[in-house]
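Working notes, beginning with the structure itself.
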2 protein chains.
Amino acid sequence: MTEILDSTVDPQGACYNIAAVERDTGLSKDTLRVWERRYGFPKPQRDQHDERLYSLPDLEKLRLLRLLIDYGHRPGKIINRSTAELSQLVSARTPDQSPPPEIAAIIELLLQHDVDQFRNALLQALMKQGLLRFVTETVAGLNHWIGEAWLAGRVPVFDEHLYSEHIQNILRNAIIAQPGRGSGPRVLLTSLPGEKHRIGLLMVEAVLTAEGAACVALGTETPIIDIKDAVPAYRVDVVALSFSSAITQTAALSGLAELRTLLPAGVEVWGGGGALARARKAAPGVLLLRSFDDLRYALERWRVEHALR
Amino acid sequence: MTEILDSTVDPQGACYNIAAVERDTGLSKDTLRVWERRYGFPKPQRDQHDERLYSLPDLEKLRLLRLLIDYGHRPGKIINRSTAELSQLVSARTPDQSPPPEIAAIIELLLQHDVDQFRNALLQALMKQGLLRFVTETVAGLNHWIGEAWLAGRVPVFDEHLYSEHIQNILRNAIIAQPGRGSGPRVLLTSLPGEKHRIGLLMVEAVLTAEGAACVALGTETPIIDIKDAVPAYRVDVVALSFSSAITQTAALSGLAELRTLLPAGVEVWGGGGALARARKAAPGVLLLRSFDDLRYALERWRVEHALR
DNA sequence: CTCAGTCATTTGTCTTAGACATTATAAGGA
DNA sequence: TCCTTATAATGTCTAAGACAAATGACTGAG
């Protein structure tokens, strides 16, 4: 009898095949193989058919490497350091050691696994701050700090899953409770295939809805061609795409440019999210939003431009 | 002067490199190359460095192929037919019956792309029927018929995305509005890696919450090992897994069996969803739920058994 | 002292063909 | 009709090499 369903995990050695590592670290199979060839890491075991089997420590080191590379380190410079050294580099990178107390308190509740109290804390923050501040301060902060802590291994996977679910509940609840739209544009909101992060998308939807735009939210991973077809069907004025840092900046920019060529000139293309936070410039006709302030400003600009006509 | 930013698109021939095709069709690069080698399609042009450049017609045929393969056709049987023939195959897939009128009316609103009216129709159905009937009748029916129509090509991808988002909004809104829990068990609710369907999970959460159970929802795709760790952390009484028909029955059953061996005997394991609708029996200690009635019955049985002790 | 341009190095992605595990279909037997 | 077994189908993995895009170091000019 063999492990059928989860062929990616070997319970004894906790070994992962290359597809599982690609999924869990975001590093492509090609990259993993070429790192092994060039730098000698990761050097996984092989199964009976010479296929790679990565260990859990390998996986953790790869995650740290990915983070540090996102921060600007070069792979060749750091790949042969120990996991401990890499952890140090990560924590050295965050000088403002601890999250603000109100964020820390909520994370603490999450780590104590008290579902009801955790939910109530989020709801209270929402009531107290209002939707806009809740999204741009509390949720953004929680995303950042929980992400950090997860990378450092201080937050288990299942807690992160629970966090994501509850934030979705609360944001969707808040969005549905918004009053009808004002004078804003119709904004089609989605992400491209490969980009699975939903929270960023919901945060944008919350802000846009609060500011009076009419959102057509398609969730994550809509193929480009289907976005093209959706634009005339829903008569949208703007297509906004979200790219989390799980995707490379190049991929995000090329997706935006491709979409731009497929859409009529009257429809604007906006892109935002972690992957684009450090991008310098995009293709002509593509607007980069590096913060929620940028988003609100873009909305305001749209209003002005379209009121004059 | 060259196209700097967007290496994926050649405006003249509308040519896409292999990475763009992978992203847009969901077919892996390996699959694209092996199809070319074995079947002679797609046979893309090459750029000056012998790299593949796919045309837009290729892309459209690939999407049709993907659709038909999802439906159950074999690649080798259909890959050499013309795009027109494939379209015919798609539309030849006619429904055995037509949906009941109240379902058909809502689908009609979706197809007319009137977001507000569509949302209102769903909300009205919820108000009129109450959460339980809304989930077990309206949402279940919509899932089924929209799935059918999507396979037949009568519902565009983006409409199906929009449907999914709105159902999520409404279900999560209803769940959060439920009163606190009664005397039911604590149920950990999630799916295994590879199973991405969220709506089924939310439907179960809605029913369980309405019946007084306390749900710990982890969203989709929680690795088995992390489920094991979550059970003591959240002190749950039951682990319920959802398997849509996107996964094979064998895979679902083996996942349930593996989880059963990892959990203490006092914790129950329940499995349900389309993939298990026709399953005969599961591993010992695993409860199969083939309908929402089964789910409510299982909950009642748990209450009785644990009240006696 | 800053800015822009050139060159060298690093790094990720694409290429090839072959091997094989996994899944689906068909055929045979209870 | 259902279950088991054989055969065909299909997708993913492997290898090393090639090269473009991205980055860093260096230079010279304003």
Exercise for review: Take nucleotides 12-17 of chain C nucleotide by nucleotide from the 5' end and write B, S or -, depending on whether a protein heavy atom sits under 4.0 Å from the base, only from the sugar-phosphate, or from neither.
Suggested key: BBBBBB
Exercise for review: Applying side chain to side chain donor-acceptor pair (under 3.5 Å), name anything that partners Arg63(B), two or more places apart in sequence or on another chain.
Suggested key: Asp226(A)
Expressed as a whole number of angstroms, how long is the span from [X]:[atom1] to [N]:[atom2]?
{"X": "Asn80(A)", "N": "dT11(C)", "atom1": "CG", "atom2": "C1'", "result": "15 Å"}
{"X": "Ile78(B)", "N": "dT25(C)", "atom1": "CD1", "atom2": "P", "result": "12 Å"}
{"X": "His73(A)", "N": "dG24(D)", "atom1": "NE2", "atom2": "C1'", "result": "15 Å"}
{"X": "Lys77(A)", "N": "dT23(D)", "atom1": "NZ", "atom2": "P", "result": "15 Å"}
{"X": "Leu27(B)", "N": "dT10(D)", "atom1": "CG", "atom2": "P", "result": "14 Å"}
{"X": "Gln45(A)", "N": "dC13(D)", "atom1": "CD", "atom2": "P", "result": "18 Å"}

Study note, to complete from the structure: With five pairs defining each end axis, the helix from dC1(C)-dG30(D) to dT15(C)-dA16(D) comes out bent, to 10°, by 10°
Practice item. Tell me, please, which residues at least two apart from Arg37(B) pass salt bridge (Lys or Arg N to Asp or Glu O under 4.0 Å). Key: none
Revision key, fill the gap. For Glu160(A), the salt bridge (Lys or Arg N to Asp or Glu O under 4.0 Å) test, sequence neighbours excluded, returns none
Sequence neighbours excluded, which residues qualify as side-chain contact (heavy atoms from CB on, under 4.5 Å) partners of [X]?
{"X": "His144(B)", "value": "Glu148(B)"}
{"X": "Lys61(B)", "value": "Phe41(B), Leu65(B), Thr83(B), Leu86(B)"}
{"X": "Ala298(A)", "value": "Trp270(A), Leu287(A), Leu289(A)"}
{"X": "Arg33(B)", "value": "Ile18(B), Lys29(B), Asp30(B), Arg52(B)"}

Check your understanding: Should Arg74(B) be listed as having a side-chain N or O under 4.0 Å from OP1 or OP2 of dT10(D)?
Key -> yes
Check your understanding: Hey, is OH on Tyr297(A) packed in by over 12 heavy atoms from elsewhere, all under 6.0 Å?
Key -> no
